[in-house]
Trainee: 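Take this structure, written in structure tokens, and hold onto it; I'll ask about it next.
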Number of protein chains: 2
Amino acid sequence: MTETGVRAADRLAAERAMLDRTSTAERVAWVLRQRITEGVYEPGERLSEGPIVDDLDVSRNTVREAFRLLSHERLLVHELNRGVFVRRLTAADVTDLYRLRRLVECAAVRQAAGSSPDGLAALREAVHAAERAAAEGRWEDVGTANMGFHRAVVALAGSERLDQMMRQTLAELRLVFLAMRNPRAFHEPYLARNREILGRLTEGDAEGAARLLEGYLAEAERQLVEAHS
Amino acid sequence: MTETGVRAADRLAAERAMLDRTSTAERVAWVLRQRITEGVYEPGERLSEGPIVDDLDVSRNTVREAFRLLSHERLLVHELNRGVFVRRLTAADVTDLYRLRRLVECAAVRQAAGSSPDGLAALREAVHAAERAAAEGRWEDVGTANMGFHRAVVALAGSERLDQMMRQTLAELRLVFLAMRNPRAFHEPYLARNREILGRLTEGDAEGAARLLEGYLAEAERQLVEAHS
DNA sequence: TATTGTCAAATCGTTCAACGATCCTTATGT
DNA sequence: ACATAAGGATCGTTGAACGATTTGACAATA
């Protein structure tokens, strides 16, 4: 069993979703989503209906429905009469994403005084998962676990809609992270920072945790804006 | 000129969007969205492809694409093999929506210290629009303008993604408000509260404004949860 | 050389018809 | 009353076709 806890949980959730009854359009969207977030398709790349129809052996209308699904998730950009493109994020996109993260994540942390033990347990688990992946040199898994940490941060707020918004934001962020050439150099410093934030929350110091998180997000933003400029 | 400022601006934006080149699927989605938010279709009502195909004289695939668009906006609920339904919000939905609003709107207000004059101007305009509509007894327009106020609150954060999230949240809320039998009784008390919040922000008292907003949202939530129980 | 016009190819957006799958309602049997 | 089967409605998908739009190549012109 070499998979990290968070990664295994993600995979299990994804597999469960596929076991549920889903339409073909949703399954096509799932395949394409994987390809996008794994970098098989590059940001800016145009996805043409024809090759996907052939490749996945489905009809064009089904592919179009899948494109609609992914366009709303902001992974694809639909341009009328020109097709759909994998979203290419600009420095301005990064700035906007971090403005959103700063507002939502820090507010969730500030509200976290009196959080349920479950919320903290999820954060703890994400920190552990990231540290395990780092110990094994799996740096992209470290990035994934770090994102799990942030999902757990927002989940402290206890709102399904916020959780969904954060899932989508993190999917977009995955595209952002594709631009970082050295996953280790990017993700490694955040391990210690996650642990610090967790420590503050565990002590009940929500304001301290929020301050740390603000610094964390500011630093990550600076790096990513630079990588996208 | 009897239209409120906010309403006219909304209409202009909507008309500009329609003047842009749009696909038929998007135009169908637009028509359906109007019907949903105006209560032509009731919450819980099932939208069948056939009658819409006949009514709008478009093909089924186009209607299906429009359904996909609206499902992601959470105005419709897509159920595999059973069709799509206008979303019926439960008391739990209301609670979740207000949890999200509390976190995002109050954080946006707390961050508002040092807001640009434009942000405050938009709030001011929304308050004026609501008051004008109230003076003319147009209570549903009061609700619309109140929502414009909240959109402007979130816009203080200066994030396009947060703005988009709020637009969608307010679209959902419009469904929630359909359950209120007496628009006047529901919307009227919030006029004065909006003005108070605006006053605090104008004085630079962001924390005071956030406290008022928290009370406002708690009261609205209580009323709406009751109406959905 | 740069710009403009024309044409062909590619492909997108939509329509239509058809078929299989699924769900719901109705009818029948115990 | 409950269980089962059948029929009808409609959803999900497929595939073919056509018109609309965009793009790229090439020729003509200044």
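Chain naming here is simple, since letters A, B, ... match the order of the sequence lines and numbering starts at 1 in each.
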Trainee: What pair of heavy atoms forms the shortest contact from B:Ser159 to A:Leu100, and how long is it?
Mentor: OG-CB, 4.1 Å
Trainee: Please answer whether the main-chain N or O of B:Thr90 pairs with a side-chain N or O of B:Asp93 as donor and acceptor at a distance below 3.5 Å.
Mentor: yes
Trainee: Check DNA chain C against residues 62-76 of chain B and give the residues with a non-hydrogen atom under 4.0 Å, in numerical order.
Mentor: B:Thr62
Trainee: Counting only N and O atoms by type, is there a donor-acceptor contact under 3.5 Å from the side chain of B:Arg27 to the main-chain atoms of B:Thr22?
Mentor: yes
Trainee: Centre-to-centre under 6.0 Å for B:His150 and B:Tyr190, is that the case here?
Mentor: no
Trainee: Taking N and O atoms by type only, does the side chain of B:Asn61 place a donor or acceptor under 3.5 Å from a partner on the base of C:dG13?
Mentor: no
Trainee: Just by distance, do the side chain of B:Tyr98 and the backbone of B:Val225 share a donor-acceptor pair under 3.5 Å?
Mentor: no
Trainee: Ignoring hydrogens and geometry, is there a side-chain-to-backbone donor-acceptor pair from B:Arg87 to B:Arg74 under 3.5 Å?
Mentor: yes
Trainee: A:Leu56 CG to D:dG15 P: how many Å, rounded?
Mentor: 13 Å
Trainee: Where along residues 46-53 of chain A does a heavy atom come under 4.0 Å from DNA chain D, residue by residue in number order?
Mentor: none
Trainee: Applying side-chain contact (heavy atoms from CB on, under 4.5 Å), run through A:Leu103 and B:Gln111 and close with a yes or a no.
Mentor: CA-CA 8 Å; A:Leu103 186 139; B:Gln111 285 187 12; 3.7 Å; yes
Trainee: Could you check how far CG of B:Leu80 sits from C1' of C:dA21, rounded to whole Å?
Mentor: 10 Å
Trainee: Determine whether a donor-acceptor pair (N or O, by modelled atom type, separation under 3.5 Å) exists between the side chain of B:Asn194 and the backbone of B:Asn146.
Mentor: no
Trainee: A:Arg82 CZ to D:dT22 P: how many Å, rounded?
Mentor: 9 Å
Trainee: In this structure, which stretches of DNA chain D are paired as stems of three or more consecutive Watson-Crick or G-U pairs, both distances less than 3.5 Å?
Mentor: C:1-30 with D:1-30
Trainee: Hey, is the side chain of B:Thr24 poking within less than 4.0 Å of OP1 or OP2 on C:dG13, counting only N and O atoms?
Mentor: no
Trainee: I want to verify a distance call: between D:dG15, C:dC12, D:dT22, whose nearest atom is closest to the A:Arg60 side chain?
Mentor: C:dC12
Trainee: Of the nucleotides C:dT14, D:dT13, C:dC23, which has the atom closest to the B:Asn81 side chain?
Mentor: C:dC23
Trainee: Looking at B:Arg82, is its backbone amide N or carbonyl O close enough to the side chain of B:Arg46 to form a donor-acceptor pair, meaning the two atoms are under 3.5 Å apart?
Mentor: yes
Trainee: Kindly give the heavy-atom pair with the smallest separation between A:Glu26 and A:Leu69, and that separation in Å.
Mentor: CG-CD1, 3.9 Å
Trainee: Using whole Å, report how far NE2 of B:His78 lies from P of D:dC11.
Mentor: 9 Å
Trainee: Measure from the side chain of B:Ser23, starting at C-beta and using heavy atoms only, and say which of C:dG13, C:dC24, C:dT15 lies closest.
Mentor: C:dG13
Trainee: Find the distance A:Glu26:CD to D:dC11:C1' and express it as a whole number of Å.
Mentor: 13 Å
Trainee: Over how many whole Å does the gap from A:Glu79 atom CD to D:dT23 atom C1' extend?
Mentor: 14 Å
Trainee: Salt bridge between A:Arg101 and A:Glu221, side-chain N to carboxylate O under 4.0 Å?
Mentor: no
